[in-house]
Structure formats: C-alpha cells, structure tokens
There are 2 protein chains.
Amino acid sequence: MAPEAAAEEASRLPIDSILVGDCIDHMNALPAGSVDLVFADPPYNLQLEQGLTRPDQSKVDAVDDEWDKFDSFAHYDKFTRAWLKAARRVLKPDGALWVIGSYHNIFRVGAALQDLDYWMLNDVIWRKANPMPNFRGTRFTNAHETLIWAAKSQKSRVTFNYEAMKLANDDTQMRSDWLFPICTGTERLKNDDDEKVHPTQKPEALLFRILNATTKPGDVVLDPFFGTGTTGAVARKLGRHFIGIEREDSYINAALKRIAAIRPGVFEALQSVTPKRKEVRIPFGSLIEQGLIEPGAQLFDLNKRYSAMVRADGSLVSGSHQGSIHKVGALVQGAEACNGWTFWHHEQSGRPTPIDNLRIGIRAKLELMSA
Amino acid sequence: MAPEAAAEEASRLPIDSILVGDCIDHMNALPAGSVDLVFADPPYNLQLEQGLTRPDQSKVDAVDDEWDKFDSFAHYDKFTRAWLKAARRVLKPDGALWVIGSYHNIFRVGAALQDLDYWMLNDVIWRKANPMPNFRGTRFTNAHETLIWAAKSQKSRVTFNYEAMKLANDDTQMRSDWLFPICTGTERLKNDDDEKVHPTQKPEALLFRILNATTKPGDVVLDPFFGTGTTGAVARKLGRHFIGIEREDSYINAALKRIAAIRPGVFEALQSVTPKRKEVRIPFGSLIEQGLIEPGAQLFDLNKRYSAMVRADGSLVSGSHQGSIHKVGALVQGAEACNGWTFWHHEQSGRPTPIDNLRIGIRAKLELMSA
DNA sequence: TTGGCAACTGAATCGAAGT
DNA sequence: CACTTCGATTCAGTTGCCA
C-alpha cells in the first residue's frame with residue numbers, strides 16, 4: 001500500500017483510543033480489512049461453585065464478576081463465535097489474531113477458530129513463575145495459560161519477526177513455551193482502596209513479546225476486551241497503534257490514565273533485526289560482473305562429488321544440465337530443490353569456500369557505503 | 001468392592017492383552033463401568049499438505065500414515081466424539097481419562113470432552129526438552145504437546161496420588177507443566193531396517209508420571225490407540241493392568257515383544273506414599289485416655305491470643321464456647337472452620353507444641369506394634 | 001539504610017464420609 | 001438427595017513494619 005493510502009486508511013480508524021461498549025457492535029462498525037493484529041483476552045467462563053479457603057482459613061479472592069458468567073457452554077460458544085467472526089472481518093488479509101485462555105474455555109475458543117477458517121500457527125504456553133497453589137492438594141498446580149496464534153486464513157502471510165525472537169532467546173529459536181511471572185507489584189493497578197482494579201490483569205512482558213514477534217512498528221492492534229489496557233500500554237511503548245474496546249468504566253478510566261503516562265517508543269529503538277529475506281538481493285551474475293568469479297571458473301560441492309562451470313551470463317553448466325546455481329545444484333543431486341549459494345564452493349586460499357561468502361562480503365560493503 | 005468381586009470382574013476383562021481391530025467396536029463390547037483409567041493418544045489430524053525438507057534438503061520423516069487422514073474437521077469431530085463416548089461408558093464411575101494432542105486436534109478433543117460431560121481436572125503441558133526445530137523460521141518452535149486429564153463426571157472421585165507427586169517434585173506441588181525429552185535412543189523401537197516402528201512413540205517417562213499420579217497398583221488402564229504399547233509397558237512395570245486396542249499388525253507385534261521382555265514391578269516398590277487422609281483416625285479424647293493430656297490442661301494457639309481448657313470427655317471450653325477442638329478453634333477465631341490439631345498447642349519442654357505432635361507419636365507406636 | 005519477619009496474594013471449575 | 005461433621009491443605013513473591 002502506498003504511504004498516502006495507509007495514512008488515509010488510518011485516519012478512518014479510531015486509532016489509539018478506547019471505544020466504550022460492546023465489542024461485537026464496535027467491531028462491526030469498523031471498516032473491514034483494516035487491522036493488522038487482534039489480541040483478545042475474553043472471559044474464561046470459570047464455573048466456580050463455592051468459595052475456596054486457604055489452609056490458614058483465609059478466603060481466596062476469586063473471579064466472580066458478572067462478565068464472566070454464562071449459562072451454558074452453548075451460550076459461551078455463541079458469544080465466542082460472534083466476536084471471533086467480527087474480529088475476522090476487521091482483520092487485513094494478512095492479519096492475525098492472538099487469544100489467551102485456560103482449560104475452562106480455550107478448547108472451545110480453539111475449535112471455534114478452526115471452524116471459522118482461521119489458520120492456526122502456534123499454540124503458546126505461558127508458564128507462570130509464581131502461580132497460585134492448589135490448596136486442597138487434589139490436582140496439579142494450575143501453572144500455565146494457553147495462547148493461540150492464528151492467521152486470518154491459510155493464505156495469510158503474517159508478520160513473524162523470526163530473527164528478533166531468535167536474538168531474544170540467546171540465538172536459538174523461540175519456543176512455544178514462555179516463562180513469565182504473573183502481574184504483581186507496582187505493575188498491578190490498584191484503586192484508592194488498594195484493591196486490584198481488574199481481577200485478571202496480564203503482565204506487560206507477555207504483550208511485549210507478542211507485539212515484538214508478530215507486528216511491525218506502525219501496525220494497528222485491536223483489543224476487543226481491553227480491560228485496564230495492557231495491550232494499549234505496550235503498543236504505545238513499542239510504536240504500534242491500538243484500538244481498545246471495553247464496557248466497564250472503572251477499567252477504562254484506569255487504562256486512560258495508565259496509557260497517558262507512557263512515553264511512546266523512539267523510532268530507531270523499535271526497528272527489529274533485519275530479516276534475511278529483506279536483505280538486498282545480490283544476483284549470482286553480479287559476482288561475475290564485479291570480477292569476484294571469472295567466467296569459466298569451476299565450482300564444486302563440499303565433498304567434490306559434483307562440479308560445474310560458470311558462464312558469463314551467470315548460469316552454470318554441468319554435463320547436460322544448465323541453469324541457475326540453484327537449479328543445477330538440484331539437478332546434479334537429483335534433489336527437488338537446492339540452495340546454490342551454500343551448495344557450490346570455489347577454491348579460495350586453497351580451501352573450498354561457499355560462494356555465499358562472496359555475497360556476504362558484497363553486502364558488508366554495500367552497508368558501509370550507505371552508512 | 002470386595003476382593004472376590006474385583007477378581008471376578010477382572011476375569012471378565014481381557015486383562016494385559018491387546019485387542020486387534022477398531023477401538024470403538026472393542027470398547028462397546030467391554031462391560032460398562034469396568035476400567036479405572038483411559039489413556040488415549042488419538043490421531044492428531046496433522047494437516048501436512050506437502051513434504052517438509054530441512055535446510056540441507058533432506059526430507060523430514062513426517063507423519064503421513066493413512067490413519068491420520070480425515071477429510072474435514074466434521075469427520076474428525078465425529079470420530080472423536082464416538083471414541084470418547086465409548087470410552088466414557090467403559091469407565092468406572094470414579095474413573096478418569098487422559099488424552100494427548102497438539103494444536104491440530106486438541107481443541108476439538110477438549111471441546112468434545114466437555115460436551116460429553118467429562119469433567120476437566122487439569123490440562124497438562126509436556127514441554128519437550130529436544131523438540132524438532134522449525135526449519136522454515138516462520139513460527140515458534142513447536143516445543144510442547146498438550147494433555148487433558150478429565151474425570152468421567154463432575155461427581156467422580158478420581159485417584160490422585162498427591163503426596164507421591166509432591167515427593168517426586170522436591171516437596172513442592174507438581175505443576176501442570178512437565179519437562180521430558182522426546183522418545184529417542186534405545187527406547188525408540190526400530191524395525192530390522194532400522195526404521196522407527198511408530199511415527200509418534202511416546203516416552204515411557206510420560207506414562208510413568210501419569211500412571212503414578214492417577215492410578216493405584218492393580219488398576220486397569222485402557223489404551224484405545226495402543227500403538228507400540230508404551231502404556232502397556234509402563235503399566236506392567238508399575239503393577240497396573242492394561243487393555244490395549246490396536247489395528248496395525250506391525251505395531252501389535254512390536255508391542256507384544258516389548259511387553260513380554262518386561263519384568264513386572266515388585267509389589268512393595270509400587271506402594272505410593274501414604275496419603276494422610278488414609279491414616280488411622282485418632283480421636284482427641286484418646287490422648288486424654290492415654291494420659292498424654294490431663295483434664296484441666298490449658299491449650300493455646302501459637303501466638304497465645306486464644307486459650308481453652310481441656311475437659312475429661314475430650315471437649316474444650318473457652319469463655320462461652322465449648323465443643324470439639326475444631327469447633328472451639330473456629331469459634332474463638334470467628335472463622336468458619338479450623339483444624340484443631342494444628343491450631344491448638346500445649347507447653348512441652350517449655351515450648352508451645354501443636355497437639356498434633358502427640359497424635360503423630362501415637363500413630364508411630366501403633367505402626368511399630370502392627371509391624 | 002538495611003535486614004528480618006509477618007502478613008498478604010494470585011483466572012481455581014479444589015473433600016470425604018456419614019446421617 | 002441435602003445436610004452435618006470431621007479435618008486436610010500452599011508456593012513464589014511482594015509489601016510493610018520494626019529493630
């Protein structure tokens with residue numbers, strides 16, 4: 001999309017604000033295909049029948065809010081499918097959605113997602129460093145919650161900042177199980193009576209990872225169950241836009257105050273690690289143009305089982321096979337595909353060296369020149 | 001159930017054997033309410049559309065067996081509900097079920113469970129120490145699988161060896177996230193051509209924890225998707241009985257060979273830590289009868305905020321309150337309930353000591369006498 | 001200021017047996 | 001079935017008070 005078109009579209013959206021009322025109504029009033037990401041923390045439908053006391057006889061302050069009450073699974077399913085459908089309409093074609101839940105509701109949400117033609121990408125486990133124990137000793141400590149990351153459709157090419165996640169995880173791929181503490185301490189919003197404003201406020205670290213992993217700076221993130229605005233707060237810190245929808249005044253007031261106090265992130269600090277596929281494309285032919293490889297040079301694989309000759313136009317020849325470095329690499333092996341850059345080697349300082357090293361050298365030079 | 005009745009019932013069951021054929025048919029032929037636990041590792045309905053290749057172009061040996069193919073979610077749901085329903089009929093009233101799955105199928109299985117009036121107890125995450133990386137770099141490494149532990153009904157009083165789990169976890173409650181390596185090495189069954197016999201063989205450690213946590217020695221465990229018999233192998237090691245159902249001859253042959261090679265566990269080694277609630281009941285009055293506490297003695301709480309006098313009949317008096325140690329403990333605190341054994345203390349060697357220590361001493365003596 | 005201790009808290013489908 | 005009685009059961013972390 002051209003920058004002007006993007007700016008115009010954003011102007012039609014209630015960017016960086018909270019819509020007051022029912023999330024389904026509000027989503028249906030937004031323009032279709034206008035949002036990059038949805039993050040949703042819907043009611044979990046906990047079916048708590050009696051109070052719970054700790055071993056010292058004190059009472060557990062449970063979630064007993066009206067918004068978490070549903071008559072039956074059928075009612076909960078109906079509600080779930082309605083908001084998921086509305087969210088899907090608002091999403092851009094390459095948009096994606098995150099939902100969080102517990103075993104009470106997440107299986108129903110997941111099945112509904114699939115039925116509505118969302119395409120599941122991962123389920124992710126939030127492992128709680130400090131969960132509430134099981135006081136009665138009757139089950140395993142409920143020490144995690146489940147998130148689902150799903151694309152709008154199977155065809156969606158969603159944003160995934162793979163390199164940034166890998167970097168954040170000590171240079172190994174980010175896994176599907178994440179460890180975070182629950183939201184406590186100064187981060188937990190309290191009212192004037194020192195009571196928690198929201199019973200289930202999520203930690204910012206969780207949203208931080210989600211937005212860092214699956215949005216770009218400037219993206220629009222919609223949260224239909226905004227609560228006290230963790231999504232909005234993190235979006236602002238990370239230079240993303242948010243749209244919040246919330247019914248309860250007490251939550252909205254807390255969220256507005258919270259978000260207003262945040263200094264938005266500095267643009268330079270928000271750039272992700274450059275994904276490899278966004279790096280400048282260096283065609284094999286340019287290596288010849290620049291005299292790094294001479295026409296007629298012999299290339300071979302690491303084990304010297306196969307060899308090929310370089311032609312002036314950047315093509316390779318090996319026996320009866322000819323074509324690009326990738327195609328000929330595949331043909332000589334009888335493989336379906338081949339990365340010619342890492343497969344083919346040339347002699348350099350007496351050692352077989354992948355031709356990709358030449359490409360890496362050119363990229364480094366280009367960066368120096370543009371800096 | 002009386003031992004003879006249990007023995008007779010077991011004789012009607014195809015104990016410690018593998019039934020060949022469709023699991024739904026076989027389950028429907030078993031007597032209703034006859035099985036203590038079901039463990040199920042159903043087809044995951046993986047939606048792999050094309051072969052997956054590693055960066056070096058080698059092919060990933062993925063699950064592409066016929067038994068994992070379903071035309072649509074509707075077909076998969078129908079199949080799921082059918083076997084879950086059949087399993088529920090076979091379960092004893094206090095029986096429970098475990099299912100394992102991935103994000104492809106577990107949400108459908110979980111929703112079906114709830115619709116069929118199973119009662120969910122925990123979802124448990126198997127975190128894989130060594131998962132397969134995401135070769136394409138397009139998602140988070142899929143590093144876990146999800147298990148659901150559910151009772152036959154909300155009323156079921158299922159087996160949970162809380163103390164054994166706590167012991168196994170360095171004396172803190174076992175959490176809902178479990179870390180195990182995937183099944184590799186000598187544990188992984190290979191055929192004569194050194195190919196893996198089953199594409200998704202589960203590690204024995206996983207079943208070990210499940211059976212240790214939620215069955216008693218002698219219990220009958222049914223596995224409707226027996227595969228190469230991990231459930232049977234572990235059941236035999238732990239002195240539990242198994243019933244396996246499987247269609248594929250190659251799996252059955254491997255399972256039979258595997259299980260035959262196992263020496264069943266020794267009975268003494270299989271006993272779990274004794275849960276406190278199964279210990280001999282010692283009434284408070286017996287402490288007075290045995291002269292460990294004299295009538296007229298003063299008891300007090302740890303902080304000496306409350307005190308009470310012991311009467312000869314085993315009742316306590318504190319101001320206008322009188323009754324059992326539990327009742328008076330609750331009344332003086334204004335609490336709804338109180339464990340008098342740990343609340344009330346007496347002076348012993350100049351220190352406030354809970355009266356529960358006296359009970360512990362009596363229990364120890366009784367054990368010595370009966371040994 | 002710091003250290004030690006007591007008090008408090010978090011999305012929880014949280015008991016079993018007898019009358 | 002409802003109701004009563006007996007009595008079993010908590011982890012990691014934060015806050016606040018007091019020495």
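Naming convention: chains lettered A, B, ... in sequence-line order (proteins, then strands); numbering from 1 in each chain.
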(message) If the condition is salt bridge (Lys or Arg N to Asp or Glu O under 4.0 Å), which residues does A:Arg258 pass it with, not counting sequence neighbours?
(response) A:Glu204
(message) Which residues in residues 49-64 of chain A have a heavy atom closer than 4.0 Å to any atom of DNA chain D?
(response) A:Pro55, A:Gln57
(message) List the residues meeting salt bridge (Lys or Arg N to Asp or Glu O under 4.0 Å) with B:Asp356, not counting sequence neighbours, and say none if there are none.
(response) B:Arg359
(message) Any base atoms under 4.0 Å from A:Asn142, or only sugar-phosphate, or nothing? Heavy atoms, all strands.
(response) sugar-phosphate
(message) Give the residues of residues 185-192 of chain A touching DNA chain D, defined as any heavy atom closer than 4.0 Å, sorted by residue number.
(response) A:Gly185, A:Thr186
Hey, can you pull the donor-acceptor pairs under 3.5 Å for the side chains in residues 123-133 of chain A, sequence neighbours left out?
residue  : atom : partner  : partner atom : Å
A:Asp123 : OD1  : B:His144 : NE2          : 3.3
A:Asp123 : OD2  : B:His144 : NE2          : 3.0
A:Trp126 : NE1  : A:Phe180 : O            : 3.1
A:Arg127 : NH1  : B:Asp177 : OD2          : 2.8
A:Lys128 : NZ   : A:Glu145 : OE2          : 2.8
A:Asn130 : OD1  : A:Ile182 : N            : 3.0

(message) My understanding is that only residues two or more places apart in sequence, or in another chain, count here; which of them pass salt bridge (Lys or Arg N to Asp or Glu O under 4.0 Å) with A:Asp223?
(response) none
(message) Taking salt bridge (charged side-chain N to carboxylate O under 4.0 Å, His left out) as the cut-off, I'd like each qualifying pair that reaches into residues 187-200 of chain A, sequence neighbours left out, listed once.
(response) A:Asp61-A:Lys196
(request) Go through DNA chain D and write down every stem, that is, every run of at least three consecutive Watson-Crick or G-U wobble pairs with distances under 3.5 Å, as range with range. (result) C:2-10 with D:11-19, C:15-19 with D:2-6
(message) Checking A:Lys59 now: which residues fulfil salt bridge (Lys or Arg N to Asp or Glu O under 4.0 Å) with it, not counting sequence neighbours?
(response) B:Glu336
(request) Identify whether any heavy atom of A:Pro42 sits under 4.0 Å from a base atom; if not, whether one sits that close to sugar-phosphate; answer base, sugar-phosphate or nothing. (result) base
(message) Classify A:Asn45 by what it touches in the nucleic acid, base, sugar-phosphate, or nothing, heavy-atom distance under 4.0 Å.
(response) nothing
(message) For A:Asn45, give me all partners under side chain to side chain contact (heavy atoms under 4.5 Å, CB included), at least two apart in sequence or on another chain.
(response) A:Gln47, A:Phe70, A:Phe73, A:Tyr76
(request) Using whole Å, report how far CH2 of B:Trp341 lies from P of D:dA8. (result) 9 Å
(request) Sequence neighbours left out, what pairs pass ring-ring contact (aromatic ring centres under 6.0 Å, His included) with at least one residue falling in residues 184-210 of chain A? (result) A:Trp67-A:His198, A:His198-A:Tyr251
(request) Quick one: list whatever passes side chain to side chain contact (heavy atoms under 4.5 Å, CB included) with B:Lys166, sequence neighbours left out. (result) B:Tyr162
(message) I'd like to know if B:Arg88 pairs up with B:Asp117 as an ion pair, taking the criterion as any Lys NZ or Arg NE/NH1/NH2 lying under 4.0 Å from an Asp or Glu carboxylate oxygen.
(response) no
